[in-house]
Amino acid sequence: MSPITVVEGRRLPLTNLDKVLYPETGTTKGEVVHYCTTTAEPLLAHLHDRPLSFLRYPDGPDGQRFFTKNVPPGTPSWVKTCEVPHSTSGPTRQVLLQDLPSLVWAANLVVELHTPQWTCRTPGTADRLVLDLDPGDPATVVECCVAAQWLHERLAADGLEVFAKTSGSKGLHLVVPIEPTPSERTTAYARTLAVEAARALPDLVVHKMTRALRPGKVFIDFSQNAAAKTTAVAYTLRARATPTVSAPVTWDEIADCDDPEQLSFLFGEIGPRIERYGDLHAPLLDPDRARPLP
């Protein structure tokens, strides 16, 4: 029989807590759930009002993985959901993680957490712009840092603040708070930035997804600004060989990075980082920090 835990008055069955999800580090499902509870404050803040897409990996990153946007079967009735419009299939319902019991429920499913750049209050109207910097082997996050610094300066020239985080995989995410803007216009502006970066740094950056162009270079993926696309949320665990996290980082850390290990953070390192820096992405939650696109 699965153990029952009570979280803020909600009874939750937690299954297979001793199951090893990350064999390389011996990390168990119980440790994954514990990480989510101890990181709940900033994690829930960045999830608030954003419909969830789940990448589930219940048997660990080496097992079956599947992506879902719909409300999973068996979702408790008290987990909030929202209706999300779709141009082809009609409206669907997606999960909102608004409180600790809902987050623990999701953690028990073993998931990566992905969100769009808009909230359920204004579907398709972005309040964030994101640039996903993805290195093609043998390039690494070190090369991403060079591209990120160029983009930082370019965005600042347009009066926009930029906040960075590791993807939790190989690259970086740059996130910009913006005044509410249709996703189509946000995507167009992001594409312009990617094209400019590729012209300014032709030996380093590509803006086209074509695989043949990407070895040794940094692909700037601007497409995640499309209304239907999602990006791994800050502080989510990733389904990688080790329990890495999409972790906010400072611009000093980016400037000083000369080894990929400097910007790879396991889940056990996140608590001490929050104690040291606070939530480096907290300004994204302040509407007064948002600026209009040029």
In terms of the angle between their ring planes, are Tyr22 and Tyr57 parallel, tilted or perpendicular, with boundaries placed at 30° and 60°?
perpendicular
Give a yes or no on whether Leu103 and Val245 share a hydrophobic cluster (residues Ile, Leu, Val, Met, Phe, Trp, Tyr; joining criterion: side-chain heavy atoms under 4.5 Å apart).
yes
Are there more than 12 heavy atoms of other residues, nucleotides or ligands under 6.0 Å from atom CZ of Arg191?
no
Cys144 and Pro135: which non-hydrogen atoms are nearest, and at how many Å?
SG-CD, 3.6 Å
Closest non-hydrogen atom pair between Leu97 and Ala106, with its separation
CD1-CB, 3.8 Å
Gln94 side, atom CD; Cys120 side, atom SG - distance, nearest 0.5 Å
10.5 Å
hydrophobic_cluster_shared for Phe267 and Phe265, side chain cutoff 4.5 Å
yes
Going from OG1 on Thr122 to CG on Asp127, what distance comes out if it is rounded to the nearest 0.5 angstrom?
6.5 Å
Find out whether Leu96 and Leu52 are in side-chain contact, i.e. whether some heavy atom of one side chain is under 4.5 Å from a heavy atom of the other.
no
Sequence-distant partners of Thr166, side chain to side chain donor-acceptor pair (under 3.5 Å), two or more places apart
none
If Ile, Leu, Val, Met, Phe, Trp and Tyr residues are connected whenever their side-chain heavy atoms lie under 4.5 Å apart, and connections chain through other members, are Val33 and Leu266 in the same group?
no
In Å, rounded to the nearest 0.5 Å, how long is the span from CD of Glu161 to CG of Leu155?
11.0 Å
Got a salt bridge between Glu253 and Arg273, using NZ or NE/NH1/NH2 to carboxylate O under 4.0 Å?
yes
Between Thr81 and Arg93 (side chain of the first, backbone of the second, donor and acceptor by atom type, cut-off under 3.5 Å), is there such a pair?
no
Just by distance, no angles: are the side chains of Ser246 and Arg238 close enough, under 3.5 Å, to form a donor-acceptor pair?
no
Considering all heavy atoms of both residues, which atom of Gly124 and which atom of Ala227 are nearest to each other, and what is their separation?
CA-CB, 4.0 Å
Is a side-chain N or O of Asp99 found less than 3.5 angstrom from the main chain of Ser102, in a donor-acceptor match?
yes
Is there a side chain to side chain donor-acceptor pair (under 3.5 Å) between Thr25 and Thr27? Walk through the geometry before answering.
CA-CA 5 Å; Thr25 55; Thr27 304; 2.7 Å; yes
Applying side-chain contact (heavy atoms from CB on, under 4.5 Å), run through Gln117 and Ser183 and close with a yes or a no.
CA-CA 8 Å; Gln117 313 315 319; Ser183 294; over 6 Å; no
Should Val176 and Phe163 count as side-chain neighbours, where that means a heavy-atom distance under 4.5 Å?
no
Is there a continuous path of hydrophobic side-chain contacts, each under 4.5 Å between heavy atoms, that joins Leu160 to Phe222?
yes
Begin with the C-alpha distance, continue with both residues' side-chain angles, and end with the deciding distance and a verdict on side chain to side chain donor-acceptor pair (under 3.5 Å) for Asp221 and Ser223.
CA-CA 6 Å; Asp221 185 358; Ser223 70; 2.6 Å; yes
Where do Ile178 and Arg128 come nearest, in terms of heavy atoms and distance?
CG1-N, 3.7 Å
May I ask you to decide if Lys29's main-chain N or O and Asn16's side chain share a donor-acceptor pair within less than 3.5 Å?
no
Does atom CD of Glu8 have more than 12 heavy-atom neighbours from other groups under 6.0 Å away?
yes
Go through the steps for Asp132 and Gln224 under the test side chain to side chain donor-acceptor pair (under 3.5 Å), then give the verdict.
CA-CA 8 Å; Asp132 180 3; Gln224 292 182 31; 2.7 Å; yes
Using 4.0 Å as the upper bound for N to carboxylate O, is an ion pair formed by Asp137 and Lys217?
no
Side-chain contact test, heavy atoms from C-beta onward, threshold under 4.5 Å: evaluate it for Leu172 versus Cys145 and give yes or no.
yes
Are Leu204 and Glu143 packed together at the side-chain level, in the sense that at least one heavy-atom pair is separated by less than 4.5 angstrom?
yes
Is there side-chain contact between Leu237 and Glu112, with at least one heavy-atom pair below 4.5 Å?
no
Just wondering, more than 12 heavy atoms not from Lys208 lying within 6.0 Å of its NZ?
no
A side-chain contact here means heavy atoms from C-beta on lying under 4.5 Å apart; do Leu12 and Ile4 qualify?
no
Side chains of Tyr189 and Asp158: do they bring a donor and an acceptor to under 3.5 Å?
yes
With distance as the sole test, does Thr38 use its side chain to make a donor-acceptor pair with the main-chain N or O of Tyr35 at under 3.5 Å?
yes
Check the pair Asp279, His46 against side chain to side chain donor-acceptor pair (under 3.5 Å), reporting the backbone distance first and the verdict last.
CA-CA 10 Å; Asp279 176 12; His46 293 290; 2.8 Å; yes
Side chain Thr192, main chain Ala188, donor-acceptor under 3.5 Å
yes
Do Thr28 side-chain atoms and Lys19 backbone N/O form a donor-acceptor pair below 3.5 Å?
no
Assess the residue pair Leu151 and Ile220 against the criterion (side-chain contact (heavy atoms from CB on, under 4.5 Å)); give the C-alpha distance rounded to whole Å, side-chain angles, the decisive distance to 0.1 Å, and a yes or no.
CA-CA 10 Å; Leu151 288 162; Ile220 299 178; 3.8 Å; yes
Which atom names give the shortest non-hydrogen contact between Ser53 and Lys69, and what distance separates them?
OG-CG, 3.1 Å
Please tell me whether His281 and Tyr235 form a close aromatic pair, meaning their ring centres lie under 6.0 Å apart.
no
Does a salt bridge link Arg214 with Asp134, judged by any charged N lying under 4.0 Å from a carboxylate O?
yes
To the nearest 0.5 Å, what is the distance between OG1 (Thr125) and CD (Glu184)?
8.5 Å
Is Val195 reachable from Val205 through a run of I, L, V, M, F, W or Y residues, each pair having side-chain heavy atoms under 4.5 Å apart?
no
Counting only heavy atoms from other residues, nucleotides and ligands, does the tally under 6.0 Å from CG of Asp18 exceed 12?
no
In the structure I gave you, are the side-chain heavy atoms of His173 and Thr231 within less than 4.5 Å of one another anywhere?
yes
Check for a donor-acceptor pair, side chain of Gln98 on one end and backbone N or O of Asp49 on the other, with a separation under 3.5 Å.
yes
Should Glu179 and Arg291 count as an ion pair when the cut-off is N to O under 4.0 Å?
no
Does Thr75 use its side chain to pair, donor to acceptor, with the backbone of Val71 at less than 3.5 Å?
no
Residues Thr250, Ile254; criterion side-chain contact (heavy atoms from CB on, under 4.5 Å); working and verdict:
CA-CA 7 Å; Thr250 70; Ile254 288 175; over 6 Å; no
Evaluate the criterion side-chain contact (heavy atoms from CB on, under 4.5 Å) for residue pair Asn108 and Val110; output intermediate values, then yes/no.
CA-CA 5 Å; Asn108 187 59; Val110 189; over 6 Å; no
Full working for ring pair (Phe, Tyr, Trp, His ring centres under 6.0 Å) between His114 and Phe67
CA-CA 10 Å; His114 295 246; Phe67 203 75; 5.5 Å; yes
Sub-4.5 Å side-chain heavy-atom contact between Ile270 and Ile274
yes
Shortest non-hydrogen pair, Leu43 vs Thr236, comes out as CD1-N, 4.2 Å
Checking Arg65 side chain against Ala239 main chain: does a donor-acceptor pair fall under 3.5 Å?
yes
Using 0.5 Å steps for rounding, measure from the NE2 atom of His207 to the CG atom of Leu193.
12.0 Å
